[in-house]
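Below is one structure, written out as C-alpha coordinates; comments come after it.
These numbers were taken from a predicted model, which means no experiment stands behind them.
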Amino acid sequence: ARLREQSFASEIIHFHQLEPYYHARSGERSETERLAANLLENISELKKAGAKLVWTQHNPLPHDRSHADIDVNVTQSAAELMDQVVVLGRFARQQMRRYIASDKIATLRHPSYAGYYGPGVSRAEARRELGIDPDCFIFGAIGEIKAYKGLEMLIEAMALLNERGPRRAKLLIAGQPRPPEYLEQLQQMAGEDVIFAPGKVPDEKIPALMCALDGAAFAFRDIWGSGSVILALSYEVPVV
(Lines give C-alpha, C1' and ligand atoms only; values in the text may rest on other atoms or scores of the structure.)
Protein backbone atom coordinates (compact mmCIF):
# COMPACT_ATOMS: atom_id res chain seq x y z
CA ALA A 1 0.00 0.00 0.00
CA ARG A 2 2.80 2.42 0.84
CA LEU A 3 4.48 1.66 -2.49
CA ARG A 4 1.29 2.49 -4.36
CA GLU A 5 1.00 5.73 -2.39
CA GLN A 6 4.64 6.54 -3.31
CA SER A 7 5.39 7.34 0.32
CA PHE A 8 8.93 5.94 0.19
CA ALA A 9 11.88 8.14 -0.77
CA SER A 10 13.45 5.17 -2.58
CA GLU A 11 11.46 2.20 -3.74
CA ILE A 12 14.13 -0.52 -3.77
CA ILE A 13 13.57 -3.69 -1.75
CA HIS A 14 16.62 -5.84 -1.04
CA PHE A 15 16.18 -9.50 -0.10
CA HIS A 16 18.71 -11.91 1.39
CA GLN A 17 17.69 -15.41 2.50
CA LEU A 18 14.09 -16.13 1.57
CA GLU A 19 13.66 -19.39 3.45
CA PRO A 20 12.77 -17.82 6.84
CA TYR A 21 9.57 -16.60 5.15
CA TYR A 22 8.41 -19.97 3.85
CA HIS A 23 10.13 -22.84 5.68
CA ALA A 24 7.42 -24.16 8.00
CA ARG A 25 8.69 -24.53 11.57
CA SER A 26 6.83 -27.82 11.78
CA GLY A 27 8.63 -29.06 8.68
CA GLU A 28 5.30 -30.05 7.12
CA ARG A 29 5.34 -30.09 3.34
CA SER A 30 1.82 -28.71 2.87
CA GLU A 31 2.52 -25.73 5.14
CA THR A 32 5.85 -25.05 3.41
CA GLU A 33 4.08 -25.10 0.04
CA ARG A 34 1.42 -22.69 1.30
CA LEU A 35 3.96 -20.27 2.75
CA ALA A 36 6.09 -20.45 -0.43
CA ALA A 37 3.11 -19.59 -2.62
CA ASN A 38 2.21 -16.72 -0.31
CA LEU A 39 5.76 -15.35 -0.37
CA LEU A 40 5.97 -15.43 -4.17
CA GLU A 41 2.57 -13.74 -4.42
CA ASN A 42 3.72 -10.98 -2.08
CA ILE A 43 6.96 -10.44 -4.02
CA SER A 44 4.92 -10.26 -7.24
CA GLU A 45 2.58 -7.68 -5.66
CA LEU A 46 5.56 -5.57 -4.61
CA LYS A 47 6.82 -5.58 -8.19
CA LYS A 48 3.39 -4.65 -9.56
CA ALA A 49 3.26 -1.77 -7.07
CA GLY A 50 6.41 -0.32 -8.62
CA ALA A 51 9.25 -1.53 -6.39
CA LYS A 52 12.65 -2.42 -7.80
CA LEU A 53 13.61 -5.80 -6.39
CA VAL A 54 17.20 -6.84 -5.60
CA TRP A 55 18.22 -10.23 -4.20
CA THR A 56 21.61 -11.16 -2.82
CA GLN A 57 21.68 -14.91 -3.35
CA HIS A 58 24.21 -16.34 -0.90
CA ASN A 59 23.85 -20.11 -1.39
CA PRO A 60 22.74 -22.51 -4.14
CA LEU A 61 19.79 -23.63 -1.99
CA PRO A 62 18.93 -23.09 1.69
CA HIS A 63 21.18 -25.02 4.07
CA ASP A 64 18.30 -26.24 6.22
CA ARG A 65 16.04 -27.90 3.68
CA SER A 66 13.58 -30.72 3.95
CA HIS A 67 11.80 -30.20 0.62
CA ALA A 68 14.47 -29.38 -1.96
CA ASP A 69 12.00 -29.34 -4.88
CA ILE A 70 10.07 -26.51 -3.19
CA ASP A 71 13.34 -24.61 -2.63
CA VAL A 72 14.27 -25.02 -6.31
CA ASN A 73 10.85 -23.72 -7.37
CA VAL A 74 11.08 -20.70 -5.04
CA THR A 75 14.61 -19.92 -6.27
CA GLN A 76 13.52 -20.12 -9.91
CA SER A 77 10.32 -18.11 -9.42
CA ALA A 78 11.88 -15.46 -7.18
CA ALA A 79 14.82 -14.97 -9.55
CA GLU A 80 12.45 -14.30 -12.43
CA LEU A 81 10.72 -11.56 -10.41
CA MET A 82 13.93 -9.78 -9.42
CA ASP A 83 15.34 -6.79 -11.27
CA GLN A 84 18.86 -7.69 -10.14
CA VAL A 85 20.43 -10.70 -8.43
CA VAL A 86 23.73 -10.17 -6.62
CA VAL A 87 26.16 -13.07 -6.10
CA LEU A 88 29.48 -13.03 -4.26
CA GLY A 89 31.69 -15.00 -6.63
CA ARG A 90 32.24 -16.23 -10.19
CA PHE A 91 31.15 -19.81 -9.48
CA ALA A 92 27.89 -18.55 -7.99
CA ARG A 93 27.33 -16.48 -11.13
CA GLN A 94 27.72 -19.59 -13.31
CA GLN A 95 25.21 -21.44 -11.14
CA MET A 96 22.64 -18.62 -11.15
CA ARG A 97 22.70 -18.56 -14.95
CA ARG A 98 20.60 -21.74 -14.73
CA TYR A 99 17.77 -19.57 -13.42
CA ILE A 100 18.09 -16.14 -15.05
CA ALA A 101 19.87 -14.26 -17.83
CA SER A 102 23.43 -13.06 -17.24
CA ASP A 103 22.55 -9.40 -17.62
CA LYS A 104 20.43 -9.57 -14.45
CA ILE A 105 23.32 -10.95 -12.35
CA ALA A 106 25.83 -8.69 -10.59
CA THR A 107 29.00 -10.27 -9.18
CA LEU A 108 30.54 -8.60 -6.14
CA ARG A 109 33.37 -9.97 -4.03
CA HIS A 110 32.51 -10.67 -0.41
CA PRO A 111 33.99 -7.67 1.45
CA SER A 112 36.68 -8.00 4.07
CA TYR A 113 35.87 -7.66 7.76
CA ALA A 114 39.23 -6.00 8.45
CA GLY A 115 38.67 -3.28 11.04
CA TYR A 116 34.94 -4.00 11.37
CA TYR A 117 35.18 -5.74 14.75
CA GLY A 118 38.29 -3.88 15.84
CA PRO A 119 42.04 -4.32 15.31
CA GLY A 120 43.80 -7.59 15.86
CA VAL A 121 45.94 -8.32 18.90
CA SER A 122 49.03 -10.46 19.37
CA ARG A 123 48.63 -14.22 19.64
CA ALA A 124 50.04 -14.15 23.19
CA GLU A 125 47.69 -11.37 24.28
CA ALA A 126 44.69 -13.10 22.72
CA ARG A 127 45.44 -16.36 24.49
CA ARG A 128 45.93 -14.64 27.83
CA GLU A 129 42.56 -12.93 27.44
CA LEU A 130 40.79 -16.20 26.55
CA GLY A 131 42.71 -18.44 28.96
CA ILE A 132 44.08 -20.67 26.18
CA ASP A 133 47.31 -22.69 26.38
CA PRO A 134 50.02 -20.50 24.78
CA ASP A 135 51.97 -23.48 23.43
CA CYS A 136 49.19 -25.55 21.82
CA PHE A 137 48.54 -25.44 18.06
CA ILE A 138 44.86 -24.54 17.64
CA PHE A 139 42.56 -24.77 14.65
CA GLY A 140 39.30 -22.87 14.91
CA ALA A 141 35.83 -23.32 13.42
CA ILE A 142 34.13 -20.09 14.40
CA GLY A 143 30.50 -19.33 13.51
CA GLU A 144 27.06 -20.84 13.98
CA ILE A 145 27.22 -24.56 14.78
CA LYS A 146 25.08 -26.09 12.03
CA ALA A 147 25.05 -29.49 10.33
CA TYR A 148 25.79 -28.19 6.81
CA LYS A 149 29.22 -27.10 8.04
CA GLY A 150 30.38 -30.71 8.39
CA LEU A 151 31.93 -30.19 11.82
CA GLU A 152 31.88 -33.92 12.52
CA MET A 153 34.39 -34.31 9.66
CA LEU A 154 36.70 -31.80 11.34
CA ILE A 155 36.46 -33.74 14.61
CA GLU A 156 37.37 -36.97 12.79
CA ALA A 157 40.24 -35.20 11.00
CA MET A 158 41.64 -33.92 14.30
CA ALA A 159 41.71 -37.45 15.68
CA LEU A 160 43.63 -38.66 12.62
CA LEU A 161 46.00 -35.69 12.76
CA ASN A 162 46.88 -36.32 16.38
CA GLU A 163 47.38 -40.06 15.76
CA ARG A 164 49.96 -39.37 13.06
CA GLY A 165 51.50 -36.05 14.02
CA PRO A 166 54.41 -35.47 16.40
CA ARG A 167 52.63 -32.54 18.05
CA ARG A 168 49.13 -32.59 19.44
CA ALA A 169 46.74 -29.97 18.11
CA LYS A 170 43.31 -28.87 19.27
CA LEU A 171 40.14 -27.78 17.51
CA LEU A 172 38.11 -24.89 18.93
CA ILE A 173 34.43 -24.91 17.89
CA ALA A 174 32.73 -21.66 18.91
CA GLY A 175 29.31 -20.28 18.04
CA GLN A 176 25.58 -20.54 18.50
CA PRO A 177 24.33 -24.15 18.09
CA ARG A 178 21.33 -24.54 15.77
CA PRO A 179 19.78 -26.89 16.76
CA PRO A 180 21.18 -27.81 20.19
CA GLU A 181 20.86 -31.51 19.27
CA TYR A 182 23.62 -31.13 16.68
CA LEU A 183 25.97 -29.78 19.34
CA GLU A 184 25.15 -32.77 21.54
CA GLN A 185 25.99 -35.11 18.65
CA LEU A 186 29.36 -33.41 18.17
CA GLN A 187 30.17 -33.49 21.88
CA GLN A 188 29.47 -37.22 22.06
CA MET A 189 31.93 -38.00 19.27
CA ALA A 190 34.65 -35.51 20.28
CA GLY A 191 37.78 -36.36 22.20
CA GLU A 192 39.96 -34.24 24.46
CA ASP A 193 41.46 -32.49 21.43
CA VAL A 194 38.20 -30.59 20.77
CA ILE A 195 37.24 -27.48 22.76
CA PHE A 196 33.62 -26.30 22.61
CA ALA A 197 32.54 -22.72 23.30
CA PRO A 198 28.82 -22.79 22.49
CA GLY A 199 26.81 -19.58 22.47
CA LYS A 200 26.66 -16.34 20.56
CA VAL A 201 30.13 -14.83 20.19
CA PRO A 202 30.06 -11.15 21.29
CA ASP A 203 31.42 -8.77 18.66
CA GLU A 204 34.03 -7.40 21.06
CA LYS A 205 35.47 -10.93 21.56
CA ILE A 206 36.03 -11.61 17.87
CA PRO A 207 39.50 -9.98 17.51
CA ALA A 208 40.94 -12.00 20.42
CA LEU A 209 39.19 -15.17 19.30
CA MET A 210 40.53 -14.95 15.76
CA CYS A 211 44.04 -13.88 16.77
CA ALA A 212 44.32 -16.78 19.24
CA LEU A 213 44.12 -19.28 16.35
CA ASP A 214 47.00 -20.81 14.40
CA GLY A 215 44.64 -21.80 11.60
CA ALA A 216 40.95 -21.96 10.69
CA ALA A 217 39.38 -25.16 9.34
CA PHE A 218 36.15 -25.59 7.37
CA ALA A 219 34.32 -28.59 5.91
CA PHE A 220 31.23 -27.11 4.28
CA ARG A 221 29.18 -29.58 2.29
CA ASP A 222 27.17 -27.22 0.10
CA ILE A 223 28.10 -23.56 -0.14
CA TRP A 224 29.11 -20.80 -2.57
CA GLY A 225 30.91 -18.58 -0.12
CA SER A 226 31.37 -18.11 3.60
CA GLY A 227 31.51 -15.07 5.85
CA SER A 228 33.35 -17.27 8.39
CA VAL A 229 36.17 -17.92 5.92
CA ILE A 230 36.38 -14.23 5.02
CA LEU A 231 36.44 -13.34 8.72
CA ALA A 232 39.45 -15.61 9.31
CA LEU A 233 41.28 -14.19 6.30
CA SER A 234 40.47 -10.65 7.49
CA TYR A 235 42.58 -11.36 10.59
CA GLU A 236 45.29 -13.08 8.50
CA VAL A 237 44.48 -16.51 9.93
CA PRO A 238 45.51 -19.30 7.48
CA VAL A 239 42.50 -21.22 6.22
CA VAL A 240 42.16 -24.95 5.45
Side-chain angles (χ1 to χ4, degrees), residues 17 27 58-66 110 112-114 116-240:
Q17 281 88 353
H58 294 266
N59 303 297
L61 288 174
H63 296 310
D64 305 317
R65 55 183 183 262
S66 301
H110 194 305
S112 169
Y113 288 107
Y116 184 81
Y117 294 106
V121 297
S122 71
R123 180 179 180 275
E125 182 181 345
R127 294 201 172 192
R128 278 197 303 272
E129 179 179 335
L130 298 174
I132 295 176
D133 183 348
D135 299 319
C136 184
F137 191 100
I138 296 182
F139 288 104
I142 313 301
E144 288 190 321
I145 300 172
K146 291 185 172 182
Y148 79 87
K149 295 187 176 183
L151 295 170
E152 62 272 21
M153 288 189 282
L154 293 183
I155 291 173
E156 292 170 357
M158 286 301 301
L160 289 172
L161 178 67
N162 285 326
E163 278 179 13
R164 301 173 184 175
R167 180 184 177 194
R168 291 197 68 81
K170 291 185 180 292
L171 172 66
L172 171 63
I173 297 176
Q176 188 74 26
R178 300 181 187 274
E181 293 78 17
Y182 181 55
L183 173 63
E184 293 169 6
Q185 174 191 334
L186 296 176
Q187 290 172 325
Q188 288 173 3
M189 67 180 296
E192 295 180 356
D193 51 8
V194 181
I195 305 167
F196 291 95
K200 182 173 174 57
V201 179
D203 288 357
E204 62 271 16
K205 287 287 186 184
I206 287 178
L209 190 59
M210 300 310 302
C211 294
L213 303 179
D214 297 294
F218 302 93
F220 298 116
R221 291 191 174 92
D222 180 17
I223 200 167
W224 281 345
S226 166
S228 299
V229 173
I230 298 297
L231 178 62
L233 294 173
S234 298
Y235 283 93
E236 300 184 359
V237 177
V239 168
V240 179

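In this structure, CD1 in Ile132 is found 5.5 Å from CG in Leu172, a value given to the nearest 0.5 Å. In this structure, SG on Cys211 lies 9.0 Å from CD on Glu125, to the nearest 0.5 angstrom. Gln185 CD to Glu152 CD: the interatomic distance, rounded to the nearest 0.5 Å, is 6.0 Å. Note that CG of Asp214 and NZ of Lys170 are 13.0 Å apart. Values are rounded to the nearest 0.5 Å. Taking CG of Leu161 as the reference point, atom CZ of Phe137 lies at 8.5 Å (rounded to 0.5 Å). Once rounded to the nearest 0.5 Å, the distance linking CD1 of Ile155 with CD of Gln188 reads 11.0 Å.
In terms of heavy-atom proximity, Gly143 sits nearest to Ser228 at CA-OG, 4.2 Å. Closest of all the heavy-atom pairs between Gly199 and Pro177 is N-CD, 3.9 Å. Heavy atoms only, all atoms of each residue included: Pro207 and Gly118 are closest at CG-O, 4.0 Å. The shortest non-hydrogen separation linking Pro60 to Trp224 is CA-CZ2, 3.4 Å. Counting all heavy atoms, side chain and backbone alike, Asp193 lies closest to Ala169 at CB-O, 3.6 Å. When all heavy atoms of Leu209 and Ala174 are compared, the pair lying nearest together is CD2-CB, 4.3 Å.
The shortest distance between side-chain heavy atoms of Tyr116 and Leu231 does not fall below 4.5 Å. Side-chain atoms of Ile223 and Asn59, non-hydrogen and from C-beta on, do get closer than 4.5 Å to each other. Side-chain contact between His110 and Val229: absent, with no pair of heavy atoms (C-beta onward) separated by less than 4.5 Å. A 4.5 Å side-chain heavy-atom check between Lys149 and His63 finds every atom pair outside the cut-off.
With sequence neighbours excluded, the residues forming a side-chain contact (heavy atoms from CB on, under 4.5 Å) with Ala219 are Met153, Leu154, listed by chain and number. Scored by the side-chain contact (heavy atoms from CB on, under 4.5 Å) test, Glu156 finds Met189 as partners (sequence neighbours excluded).
For Glu181, the CD atom is densely surrounded, since the number of other residues' heavy atoms within 6.0 Å is greater than 12. Sparse packing is recorded around CD of Glu236, with 12 or fewer heavy atoms of other residues, nucleotides or ligands lying under 6.0 Å away. Under a cut-off of 6.0 angstrom, the local environment of NZ in Lys146 is crowded, with over 12 non-hydrogen atoms contributed by other residues, nucleotides or ligands.
In this structure a side-chain-to-backbone donor-acceptor pair under 3.5 Å is present from Arg123 to Pro134.
Screening Ile206, Leu213, Ile173 against Ile142 for a side chain to side chain contact (heavy atoms under 4.5 Å, CB included) leaves a single residue, Leu213.
Here ring pair (Phe, Tyr, Trp, His ring centres under 6.0 Å) pairs that include residues 189-219, with residues two or more places apart or in two chains, are Phe218-Phe220.
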